[in-house]
S.K.: 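I'd like to ask some things about the structure below.
The structure presented is a predicted model; accordingly, all values stated were derived computationally and were not measured.
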Amino acid sequence: VLKIKRIRLTNFGPFKGEQSIELPDGDGVAIVYGENMRGKTTLLNAIRYAFFGKVIGRGSRQLALHKVGNWESAEAGEYGFKVILEFAYGDRPYELTRHCRLREGVTTPQSDDDYLEEMFLRRDGDVLGPEQMQLELAQILPEKVSRFFLFDGELLQEYEELLRDESDMGRQIKEAIERILGVPVLTNGRADLSVLVDDAQRTESSAARRDQRTREFGNQHALQLELREYHQSELQRLQGELEVQRNEKKATDEALRKRARIKGLLQERDSLEDEVTAIEARLTEKKNARREALTNAWQWLLKEKTDATLGDLQRRVDELRAVDTRRAVATELLGRAEAALGANRCYACKQDLKDDARQSLEGLLESLWAEASEEGSSAELEACIQQLSVLKEVQVPDKTDLLKQILLDIEDLRIQRAAKRDKISDINDQTRNLDESEIRRLSSEYDRLVEDITILESGIRQQKEKITEINANIQRIQQQFDKIAGADLARERQRRDLCQQLYSLLDEGVGIYREQLRTRVQDDASALFRQLTTEPEYETLRINENYGLTIIHQEGAAIEVRSAGAEHIVALALMGALQKNAPLRGPIIMDSPFGRLDRGHTTRVLRTLPNMAGQVLLLVYESEIDPGLARNELQGQLKREYRIQRQSARHSNLAPYTES
Amino acid sequence: MTPTNDLRDTIQRLRQEKYPDLPENLVAEIIATEEDCPENRQEAIRRIREFIEAHLNATGE
């Protein structure tokens, strides 16, 4: 069991000068609280750097060591950094030092080449030689299994790949899982025994060729061994090439995935540009409508005046027409009255006028003269009618409301256009340095790699078939040796049979042990999952060939789609199960693992942590885990609490946690 | 049972069932060698070869 005792940092990331944290001697949980950008991930990286000489950034990218040193110290001319890790493995104390310092003669470093790295490993106080150091470290914490001890949310998310059979990342994680579970003890043994079977067969072949009775078979045997060696080396070459191609495919796949977001952004930009074009067309329409509306707008401004004038004119026309009528009637009556008085005869009954009638007519004459001579000329009437007609022509319907609506529409369209242009500009900023042809190149590269991998896999199958065929030939020839040579080749035969049986034992053992492991990991992960999840209807986890875990509902249905939070819970259950079943055990060091979990799940994870590993170090921000909740849930299992304190943007200090 | 013991037991059980002629201690030595040399194939092969020859010498006498 690996147990970390103390981490000492010098000028590593934001940790300026020498700083350290101590972890508890026995089992238990330690928590380091720190807000974003204070140095939690740096602490995880410090452990990673001490063991593997690597510092990992987002997306599993390896960071340049040149950028790892503390900036403030570097500004003061103090370059480089150092990590000292004190730990126990088994019962023995170790001290691992990795120091990155400036090369002699370099005053201002520009790249990693300007640094020199020194590394020491002390065991029981004695410095080990370089070879021994590497062997010890490979045993204590192999890099390939470090993902089960040092991880963050991003790494937890990757376990979902185990559910995809064709995933290269899933294949690599499966290899790492088998590694931590100790399967390589058997697979390496099988490979080593395969070499020894080959050696034993060669020795037998040489012995057979020395004896005249078996020489011919010995030659055939040697020839088959040569042939097998050729095919085995060809098989190895193809397998090596396949590994390279698979890694390239994985890298291309990752690059494509990263660009998938950018591809999405570019599609969004195209669609936004189309929308802007459509908005501009509508704007042009609205502006034309506005122009047309404004052409008559002067008439709406004069409307009040014209309406009044029209009213006046109409009244005048009516008056003039009434005067005209009255005058015409009076003139007619005046004419008749004068004629009747002149002829002294009534114009209606044709009888002579009597005196009283004559007097009455003479009395009317005055008023008729007055009416017939009333003012108001026909010329004025005609002029008024003309004016009326002109004014009625210029009087158009009031479209003020329509114009107001057009202006509102224009304003709305302008706002829409500005918002979309803003988005386009934002996308342009995000994709400024992107070569769009790169996506097409990557896609075609990916297709090529898939084709090459198919060809290589077919070649590997052919080589394996050939080797099987040759092995059958070798077997037949060996049976001939056994018949003819009798006791002369007894020793060689014994060696060969022994090696072959040992090989077969381990070969079959690998399959049986893997099956046992899968069952145990499934059971242990399920038990942990039930402790971790707040969903009582999720009953168990089902493991696949790749150690991928599927949630099973109590009614037996598999939960095919799960959230990022559920993914983390399943991954944590797997971590715990692996720790329980792995020959190699060590601390679990988690960077911000609760970011995607609700309070219920966070509480359950806290409660379960002590069952997952002996030593647990949590690097969290306070809103991720409330210190009160942590203390309450972990009780006596919480052994240490630290806080990363900000001194400046580029300077943090590690200090024991105290309530602020 | 520790995971390491479990692996050993699995192999020894299989040996007993299917390869009873294989000596228990030789199998145990091979597994121990592989546990000791996870990253050093040459050393593992050298040690296993020695165990096999020692076994052959012992049984040949």
S.K.: Select one option (side chain, backbone, both, neither) describing which atoms of B/Glu35 are under 4.5 Å from chain A's heavy atoms.
M.R.: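 It is both, since atoms from each part get that close.
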S.K.: For A/Glu508, is there an ion pair with B/Arg13 - N to carboxylate O distance below 4.0 angstrom?
M.R.: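 No, this pair does not count.
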S.K.: Should A/Pro583 and B/Leu7 count as side-chain neighbours, where that means a heavy-atom distance under 4.5 Å?
M.R.: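 They are not in side-chain contact.
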S.K.: Between A/Leu498 and B/Asp21, is the side-chain contact (heavy atoms from CB on, under 4.5 Å) condition met? List the steps.
M.R.: CA-CA 9 Å; A/Leu498 182 62; B/Asp21 295 339; over 6 Å; no
S.K.: Would you name the heavy atoms of B/Asn57 and A/Arg491 that are closest together and state the gap between them?
M.R.: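 Looking at all heavy atoms of both residues, the closest pair is OD1-NH2, 2.7 Å.
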S.K.: Of all residues at least two apart in sequence or in a different chain, which pass the ring-ring contact (aromatic ring centres under 6.0 Å, His included) check with A/Tyr89?
M.R.: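 In terms of ring-ring contact (aromatic ring centres under 6.0 Å, His included), with neighbours along the sequence ignored, A/Tyr89 is linked to no residue.
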S.K.: So which part of B/Ile11 gets closer than 4.5 Å to some heavy atom of chain A, the side chain, the backbone, both or neither?
M.R.: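 Contact with chain A involves both backbone and side-chain atoms of B/Ile11.
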S.K.: Determine the option with the most heavy-atom pairs under 4.5 angstrom with chain A, choosing from B/Lys18, B/Arg15, B/Arg41.
M.R.: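 Answer, by heavy-atom pair count under 4.5 Å with chain A: B/Arg41.
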S.K.: Please tell me if the side chains of B/Glu34 and A/Leu506 come closer than 4.5 Å, counting only heavy atoms from C-beta onward.
M.R.: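 A side-chain contact under 4.5 Å is absent here.
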S.K.: Quick one: ring-ring contact (aromatic ring centres under 6.0 Å, His included) partners of A/Tyr547, sequence neighbours excluded?
M.R.: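 Testing A/Tyr547 for ring-ring contact (aromatic ring centres under 6.0 Å, His included), a comparison that skips the adjacent residues, returns none.
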S.K.: Any residues in residues 195-208 of chain A near chain B, with a heavy-atom distance under 4.5 Å, and which are they?
M.R.: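 A/Val195, A/Leu196, A/Asp199, listed by number.
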S.K.: What residues, two or more places apart in sequence or in another chain, satisfy side-chain contact (heavy atoms from CB on, under 4.5 Å) together with A/Asp124?
M.R.: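 A/Arg92, A/Pro93.
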S.K.: Using side chain to side chain donor-acceptor pair (under 3.5 Å), reason through A/Gln494 and B/Thr59 one step at a time and then give a plain yes or no.
M.R.: CA-CA 10 Å; A/Gln494 275 177 359; B/Thr59 51; 4.6 Å; no
